[in-house]
Amino acid sequence: MSVFQKFNFAWEAKDINALVDCFHPEWEFHMHSSGKIIKLEEWKTFFGAMLKNPKVTRENVRCSYENDDIMVLHSIGTFPNGSKDAIMY
């Protein structure tokens with residue numbers, strides 16, 4: 001199973017631990033809105049809560065690129081406040 005398939009399966013299952021397993025341990029989340037950088041463990045807590053929120057959705061999910069070392073995923077996310085953003089992992 002590809003990382004893209006594992007990521008999507010974990011997302012649909014709302015399984016934050018399975019999602020975290022898709023990332024390299026040194027992965028960082030760079031917030032373009034504030035410049036803040038969130039390490040993987042902090043992201044797990046932050047995003048784990050969001051993942052369980054039914055108002056957080058995604059659409060047009062696609063894998064732009066994947067090989068043995070990297071996956072690039074793009075989607076449109078809708079958030080609890082109703083905003084929509086393009087998301088790239």
Minimal non-hydrogen separation, [X] against [Y], with atom names:
X	Y	value
Asn53	Pro80	ND2-CG, 3.4 Å
Val61	Ser75	CG2-CB, 3.8 Å
Ala18	Asp15	N-OD1, 3.0 Å
Trp11	Leu19	N-CD2, 4.1 Å
Lys14	Lys52	O-NZ, 3.6 Å
Gln5	Ser2	OE1-N, 2.9 Å

Listed partners of Phe4 passing ring-ring contact (aromatic ring centres under 6.0 Å, His included), at least two apart: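 Per chain and number, Phe4 pairs via ring-ring contact (aromatic ring centres under 6.0 Å, His included) with no residue.
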Phe47-Phe29 aromatic ring centre distance below 6.0 Å: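 Not close enough - the centres of the two rings lie 6.0 Å or further apart.
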Please indicate whether [X] has more than 12 foreign heavy atoms, meaning atoms of other residues, nucleotides or ligands, lying under 6.0 Å from its [atom1].
X	atom1	value
Asn81	CG	yes
Glu59	CD	yes
His30	NE2	yes
Phe9	CZ	no

Roughly how far apart are [X] [atom1] and [Y] [atom2], rounded to 0.5 Å?
X	Y	atom1	atom2	value
Phe23	Glu28	CZ	CD	12.5 Å
Thr78	Arg58	OG1	CZ	12.0 Å
Met88	His74	CE	NE2	5.0 Å
Lys84	Thr57	NZ	OG1	6.5 Å
Leu40	Lys44	CG	NZ	8.5 Å
Lys6	Met71	NZ	CE	11.0 Å

With a 4.5 Å cut-off on side-chain heavy-atom distances among I, L, V, M, F, W and Y, is there a chain of contacts connecting [X] to [Y]?
X	Y	value
Val56	Ile76	no
Ile70	Trp43	no
Phe79	Met31	yes

Any donor-acceptor pair under 3.5 Å from Asp85 side chain to Ile87 backbone: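 Answer holds: no.
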